[in-house]
Amino acid sequence: MSALEQNIASAEAYLERFKANTVGHFIAGKPVLAAGAKTYTNVTPTNNSSLGEVVIGTEADVDQACEAAEAAFVAWRDMPGSERKKILHHFADKIVERAEGIALVESMDCGQPIRFMKQAAIRGAANFRFFADKAAEAKNGLSLHQEEHTNFTVRTPIGPVGIITPWNTPFMLATWKIAPALAAGCTIVHKPAELTPLSAMLLAEIAADAGLLSGVWNTVNGFGEVAGKRLTEHPAIKAVALVGESSTGSHIMRQGADTLKRMHFELGGKNPVIVFDDADFDRALDAVVFMIYSLNGQRCTSSSRLVLQSGIKHKFLAALSQRVKALKVGHPLDPQTEVGPLVHVEHFEKVLSYMDIAKQDGASIEVGGAGYDHGHCSVATASNLAKGNFVQPTLFCVANNKMRIAQEEIFGPVLTAIEFDTEAQAIEIANDTAYGLAGYIWTNDNSRAMRLAHAIDAGMLWINSENNRNLPSPFGGTKMSGIGRDGGDYSFDFYMETKNVCIAHGTHKVPVLGAVND
Ligand code: NAD
């Protein structure tokens with residue numbers, strides 16, 4: 001048996017129960033599925049066959065979940081941080097125990113290659129451990145002194161919160177958002193993406209297994225326009241954390257207006273990777289390839305615009321084309337696979353539509369430019385790929401930054417290369433976008449790197465590196481890429497209220513009104 005066949009057999013065993021029984025919700029510590037509930041079919045992007053039925057959550061289902069989160073809040077809030085720490089570490093242990101199953105289910109549900117999903121499962125556990133260790137200190141504040149008063153601040157969890165996540169790396173992103181909320185003392189209602197509901201159910205099971213109080217963790221499946229919308233409107237929910245598209249952020253801001261929800265948005269990006277003539281050629285090339293073609297290009301921090309200095313243009317593009325042609329496209333459960341299928345046929349068609357848009361705009365398609373059922377395929381496994389949502393890794397050249405392929409988030413294995421001459425032009429191109437999530441700068445000139453780091457309008461910049469994550473560092477974007485930051489204490493600032501307590505020393509003069517003169 002090949003490694004792929006073995007993985008498929010193991011995945012089938014994990015997926016069997018999802019195929020046999022409708023996936024419901026998880027509310028107040030147990031699975032919930034109302035009799036006669038409506039369902040939709042969840043499909044795998046590998047060949048668009050069914051992975052089973054999933055419940056379409058109603059407003060009433062969401063209300064039930066929000067009420068459960070509200071009822072559990074005081075007990076979870078008042079539990080000592082040291083106790084929450086133990087439970088969350090236990091949670092991380094359970095993720096590690098189940099990591100293989102999580103990775104296999106995730107790959108089949110969202111199409112991401114198993115080589116990345118194994119890491120993503122382990123990163124999920126790391127997210128829990130990192131915030132578990134901070135649970136006891138989350139309340140800490142400042143002490144601020146005046147002559148006759150002393151002020152101190154203390155933080156308290158904001159209340160039940162709504163967590164809405166996307167389909168690109170569903171398991172890892174859910175843990176990234178939920179772990180700090182729980183560590184802070186908030187209870188949660190999670191609405192996973194409708195295209196990838198399965199790993200969220202595994203997380204809910206782990207919540208029950210790890211000993212979370214009933215109602216602390218609730219998961220509601222269904223569509224954004226109904227279940228997601230209700231979650232953002234429910235009065236018990238005090239804050240909403242969304243990872244998703246920029247347009248969804250706008251909807252949610254409107255939906256949460258009446259109940260004045262606190263909002264945190266991690267949204268889309270069109271991130272530049274700027275490579276100067278003096279960059280370390282080989283390292284820059286590796287990073288450019290990795291940051292757009294890993295995770296199928298379905299990655300918010302992907303470097304989807306290559307901004308390349310003219311002196312190395314020919315050499316760099318030649319080497320890049322070779323690498324893009326050599327990428328291993330295949331079944332996500334094949335350990336050799338570097339690029340898997342796109343999450344859903346509609347997304348696949350959206351990504352393919354940019355091939356025509358590129359031609360209309362006047363760009364050239366240097367590599368790729370089609371799906372695998374379009375007869376352009378050069379890899380041996382092509383015939384097996386025709387039923388899945390596989391797109392050829394694509395490189396657009398002769399592009400300029402005004403083209404749609406340089407302005408819109410394509411969210412697939414598609415890179416747009418744009419040439420520049422001067423540092424000022426590089427900055428102008430980098431900033432000429434509605435987004436501001438991330439940027440990557442490759443140069444051996446430190447002063448130039450510093451100038452660019454300050455001049456580029458984005459939440460995160462990496463110099464001579466691919467996306468390297470440090471959990472205490474702030475993660476988030478500017479402009480249409482989001483509002484707020486995650487990571488370390490930044491996450492607690494979102495999930496907690498800061499209260500100021502002012503104590504008089506008993507020496508100051510209290511103003512006197514209505515004094516009676518004898
Ligand atoms: P999406 O916005 O379509 O969906 C995200 C979630 O929002 C889903 O659970 C969906 O059901 C829900 N939703 C949709 N409409 C809603 C509404 N009106 N009210 C409440 N909930 C609603 O995003 P997607 O297509 O699932 O994910 C891809 C997007 O996510 C890309 O734009 C990508 O850049 C972004 N993303 C950003 C980050 C980041 O950290 N900045 C990370 C990963 C993905």
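Residue indices begin at 1 and follow the sequence shown. It should be emphasised that the depicted structure is a prediction, and the values quoted were computed from it without experimental measurement. Values reported hereafter were calculated over all heavy atoms of this structure, with side chains retained and with hydrogens, waters and symmetry mates removed. Counting starts at 1 for both ligands and their atoms, in listed order.
- There is no side-chain donor-acceptor pair under 3.5 Å between His331 and Thr337.
- Donor-acceptor pairing under 3.5 Å is recorded for the side chains of Thr301 and Asn467.
- Looking only at heavy atoms of the protein, atom 8 (C) of ligand 1 is closest to Thr165 O, 3.4 Å.
- Residue contacts with ligand 1 for Ile252 involve side-chain atoms from C-beta outward but no N, CA, C or O (heavy atoms, distance under 4.0 Å).
- Thr248 CG2, 3.6 Å is the protein heavy atom nearest to atom 15 (N) of ligand 1.
- Under the 4.0 Å criterion applied to side-chain N and carboxylate O atoms, Asp286 and Arg323 are assigned as salt-bridge partners.
- Remark: minimum distance from atom 19 (N) of ligand 1 to any protein heavy atom is reached at Gln255 NE2, 3.1 Å.
- Among all protein heavy atoms, the one lying closest to atom 42 (C) of ligand 1 is Cys300 SG, 2.9 Å.
- Near Ile164, meaning under 4.0 Å from one of its heavy atoms, ligand 1 places the atoms 6 (C), 7 (O), 9 (O), 12 (C), 20 (C), 21 (N).
- Atoms of ligand 1 found under 4.0 Å from any heavy atom of Leu173 (numbered from 1 in listed order, with element): 43 (C).
- Of the options Thr22, Asn21, Thr39, a side chain to side chain donor-acceptor pair (under 3.5 Å) to Glu53 is made by Thr39 and by none of the others.
- The single protein non-hydrogen atom nearest to atom 22 (C) of ligand 1 is Gly224 CA, 3.4 Å, given as residue, atom name and distance.
- Within 6.0 Å of CZ in Arg469 there are more than 12 heavy atoms belonging to other residues, nucleotides or ligands.
- Residue Gly477 places no heavy atom under 4.0 Å from ligand 1.
- Atoms of ligand 1 found under 4.0 Å from any heavy atom of Gly228 (numbered from 1 in listed order, with element): 19 (N), 20 (C), 21 (N).
- Looking only at atom types and distance, the side chain of Asn271 has no donor-acceptor partner in the side chain of Ser303 under 3.5 Å away.
- For the residue pair Asn401 and Asp432, a side-chain donor N or O sits within less than 3.5 Å of a side-chain acceptor on the partner.
- Close approach of ligand 1 to Pro192 is summarised as follows: ligand atoms under 4.0 Å from at least one heavy atom of the residue are 9 (O).
- Ligand 1 places these atoms under 4.0 Å from at least one heavy atom of Gly268: 32 (O), 34 (O).
- For the pair Leu242 and ligand 1, a heavy-atom separation below 4.0 Å is found.
- The protein atom (non-hydrogen) at minimum distance from atom 27 (O) of ligand 1 is Pro166 CB, 3.1 Å.
- Of the N and O atoms on the side chains of Ser199 and Glu106, at least one donor lies less than 3.5 Å from an acceptor on the other residue.
- Under 4.0 angstrom from ligand 1, there are no non-hydrogen atoms of Leu195.
- In terms of protein heavy-atom proximity, atom 10 (C) of ligand 1 is closest to Glu194 OE1, 3.5 Å.
- Using a 3.5 Å distance cut-off with no hydrogens or angles, the side chains of Thr259 and Lys261 do pair a donor with an acceptor.
- Scanning the protein heavy atoms around atom 26 (O) of ligand 1, the nearest turns out to be Trp167 CD1, 2.9 Å.
- Within the 4.0 Å heavy-atom shell around ligand 1 one does not find Phe265.
- At most 12 heavy atoms of other shown residues, nucleotides or ligands fall within 6.0 angstrom of atom CE in Met480.
- For Gly482, the closest heavy-atom approach to ligand 1 does not fall below 4.0 Å.
- Any N or O atom pair closer than 3.5 Å counts here, and Lys191 shares at least one such pair with ligand 1.
- Using modelled atom types, one finds a donor on one side chain and an acceptor on the other under 3.5 Å when comparing Arg299 with Ser294.
- Less than 4.0 angstrom separates some heavy atom of Asn168 from each of these atoms of ligand 1: 43 (C), 44 (C).
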Q: Show the numbers, then the answer: is there a ring pair (Phe, Tyr, Trp, His ring centres under 6.0 Å) between His344 and Trp167?
A: CA-CA 10 Å; His344 190 266; Trp167 45 255; 9.3 Å; no
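- Heavy-atom proximity to Val243, at under 4.0 Å, picks out these atoms of ligand 1: 5 (C), 36 (N), 37 (C), 38 (C), 42 (C), 43 (C), 44 (C).
- In summary, the atoms of ligand 1 found under 4.0 Å from a heavy atom of Phe475, numbered by their order in the structure, are 40 (O).
- The side-chain tip of Lys350 does not point at the ring of Phe348 from less than 6.0 angstrom away and within 45° of straight on.
- Between Phe223 and ligand 1, no N or O atom pair is found at a separation short of 3.5 Å.
- Side chain to side chain, His25 and Asp61 meet the donor-acceptor criterion of an N or O pair below 3.5 Å.
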